[in-house]
Structure formats: C-alpha cells, structure tokens
Protein chains: 2
Amino acid sequence: MHQAVNELQASDRDGVTVPAIAARAGVTPSTIYRRWGDLAQLLADVAVSRMQPDTPPADTGAYRSDLLTWLEQYRDEMSSDPGRSLLRDILSAQGRDNPGRCASFCAQQLEAIAERASGRGEHPAPTDALLDGVVAPLIYRILFSADTPSTDDVTRWVDAVLERPGAGVA
Amino acid sequence: MHQAVNELQASDRDGVTVPAIAARAGVTPSTIYRRWGDLAQLLADVAVSRMQPDTPPADTGAYRSDLLTWLEQYRDEMSSDPGRSLLRDILSAQGRDNPGRCASFCAQQLEAIAERASGRGEHPAPTDALLDGVVAPLIYRILFSADTPSTDDVTRWVDAVLERPGAGVA
DNA sequence: GGGCTTAAAGCAATGGATTTGCGTTAGTGA
DNA sequence: TCACTAACGCAAATCCATTGCTTTAAGCCC
C-alpha cells in the first residue's frame, strides 16, 4: 500500500486519490477507507514511514561536526519539495500522533550522536536542548517562512546550544 | 463566508463541507470552488483571518514582562483545541503563503513590544532571535509533541534570548 | 440615465470520491 | 475440521467536485 502511494506521488500528486491508490495496490477503495478512514490518514502514515531513518548518523570523528553534518542533511531533506510535502501530510492528519513519531525519529538520531560522543569522552548537550534550540527553529523556518535556514543559521543555533553550561566538547 | 465557516466549525467539524458552508453563506458551492479552489484553501484563509491579532500586546510596564505575558497568551491560544485546528488548517493548504502570514502577525506583535520597550529606554532583543529562540520551540512543541510548553519553558527560552549580547533591559 | 465591459455568481449536468450494507475470504485457535 | 473474527470485495446509494453556459452585479464612460 505504501509503495502504491509512493509510486503515485512520484508521478503526479494531483492523481493521488483513494481510487488510484487502491487500483495501484490491487485492492478496492473501501479497503482503504475501512483501514485508514480517509486519504489524509493514509498519506500521513506513508509520510511517517518515509521519515524513518534507515542509516545511523555519519561519524565525522567529533560531536560538533557529527551534529552539524546530520542537521544540515536534515535541513536539506526537510526543505526539499518532497520533504515539505511529507511535513504537510504529517501535520494535516488529525490524531494518531504522527507528528510525535516524526519528532521521535529525530530525537533518536540526536541521541545516537550523543551516545557516540559520550563514548569518545565528549560531553554532549541534552537532546531536548537541541530539539528546542536547533530543530525547532529549523522546522519553524521551513514551515512558516519563505527562506530555508542557511548553514550559518544551523551553525549558530548549534553553537548557541553547545555554549550553554552542561554541554560541549571535553 | 468566513462567518459561515466559523459557525459550522463551532458545531461540528465533520460537517464542514463546501456544500454546507455554501448553504450557510447563501451561495452555491461552485462559487467557493471558483474562488478558493478547494475546501482546504478556504479553511486556511479563515484560519489566517482568525490568527490576526485584534488588540495590541498588553502593556505591563516592562519589556520582559510584556514578552512573557504576550507569549504565554500566545501559548494558550495556539495549544488550545481550536488553536491546534487553526494551525493544522494553515499548514495543510499548499501555496499562498498562509503560514508566512501567520508568522508575520506574530512578528508584528513582538515588534510592537520591542518598540514600546525602546520608547521606555530599554534595549529589546531582535525579533528574529525571539522567533528562533522562543516562538519556534513553542510552536514546534505544540505541533510535534504531546506536551504543551510550560510557563517555565517559555520563561527559560525568553531569558536565554534576553541574556545574549545585544539584548536586555537597560 | 443608458450602454458597454468585466468579473463574479448561479444553474444544471456530469464525473468522481466516499459511505455503507451485505456477502466472501483468510487467518487463528481449540 | 470447525467456529470465530477481522479484513476484504462488491455494488448501490449518497455526496462532493468540476465545468460549460447563462445571468447578475459592479464599474466606467458618454
């Protein structure tokens, strides 16, 4: 089912209808309505699946550059047209904690970077601080403003969090 | 038209359909489709209108408490069920810069608070810093997590911005 | 006031999506 | 194997969305 959605989205988002997805997946539309309730819920489900990371964050050798590398990649993905569509799908469907699942993928990646840093003897920042101080303005910019956060923006936000007491390289 | 939407939303969001709105507003559905394209665009339009502030921020006598007062009110509005629905409507409809208009209302209120502070001889923080440092995590929490930002959260974010060089009370 | 132009709205037909009742199928456990 | 349950398919009914054409209303000029 997810594959049917992805294939249809790749060719024409206007053609992404329940009957089209059903035909593509070899089922009848009532199956989709019975299972997901409406198109928005199915699209949100698919979007959350696509947000799920399939690789661990790149290891650059140091905590700060791990963060910057991962966050810039995250910025690039989320600010792309497909990324924006995924965010819109996730935020459109009411209920089901789709946004929460999306955010927890992000948190897990940041935790993995932090654990790797601890293993190196570095002192990583709390993940909550990074979510509030970096991910939040990054996503807020993407959602609510015309401009995409620059690399300087991301670097500034990261360094502002790392400079606070309780965080930073050893 | 906006009033018809508001009335229908107040009673039953499931009944908010183009034909129902049209009947309520005394027009035919094709009028709505011709003007707005689809239901999502109309709902976003209505949501943006409802986001527009109708009063200036309260004057508490000092910049920091002006900020805190306004931001806590903003937090309360945006985290309410109606507020969350408005955010969802705004973020669901593609194109038209609805989120940008929503964000600019917020920025204008923060600018008004800053101008009042300047008039008092205080040194307000840059509005961009408040958007990135306070509004972004506030909205991100509301959109992506199960918990609503607490008053402590808001206070902490505000003070983190005010403590940076270039901002603060005189 | 009358005529003309243009944009918006209304009407009605058509097409497509959604809902729902009922029957069928598939999977699971005893 | 049988009974139960959940999921799926089918088809009819309902509702929403689209579109061509006509009508209406507003604005401008003489």
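Since we're looking at a predicted model, the values are computed, not measured. Residue numbering restarts at 1 for every chain, and letters A, B, ... go by the order of the sequence lines.
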Quiz item: Please walk me through it: do A:S145 and A:D147 pass side chain to side chain donor-acceptor pair (under 3.5 Å)?
Solution: CA-CA 6 Å; A:S145 82; A:D147 53 299; 3.2 Å; yes
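By the 6.0 Å contact criterion, CD on B:Q94 is open, its count of non-hydrogen atoms from other residues, nucleotides or ligands being 12 or less.
The minimum heavy-atom distance linking B:D132 with B:A136 is given by the pair O-CB, 3.5 Å.
Side-chain contact of B:T155 with B:D152: a donor-acceptor pair under 3.5 Å is absent, judged by distance alone.
For C:dG10, one of the phosphate oxygens OP1 or OP2 lies less than 4.0 angstrom from a side-chain nitrogen or oxygen of B:T28.
Remark: C1' of C:dA9 and CH2 of B:W36 are 12 Å apart, rounded to the nearest angstrom. Distance B:D38 CG to D:dT18 P: 7 Å, rounded to the nearest Å. Going from atom CD1 of A:I32 over to atom P of D:dA7 covers 15 Å, rounded to whole Å. The distance between atom CG of A:L42 and atom P of C:dA17, rounded to the nearest whole Å, is 15 Å. One can place CD1 of B:I21 at 17 Å from P of D:dC15, the figure rounded to the nearest angstrom.
DNA chain C is contacted by both B:R35 and A:P29; B:R35 maps to the nucleotide lying nearer its 5′ end (nearest heavy atom per residue).
The base of D:dC15 is not paired with the side chain of B:T17 by any donor and acceptor separated by under 3.5 Å. With hydrogens and angles ignored, a donor-acceptor pair under 3.5 angstrom links the side chain of B:R34 to the base of D:dG20.
Backbone-only contact: A:T31 has heavy atoms under 4.0 Å from sugar-phosphate atoms and none from a base.
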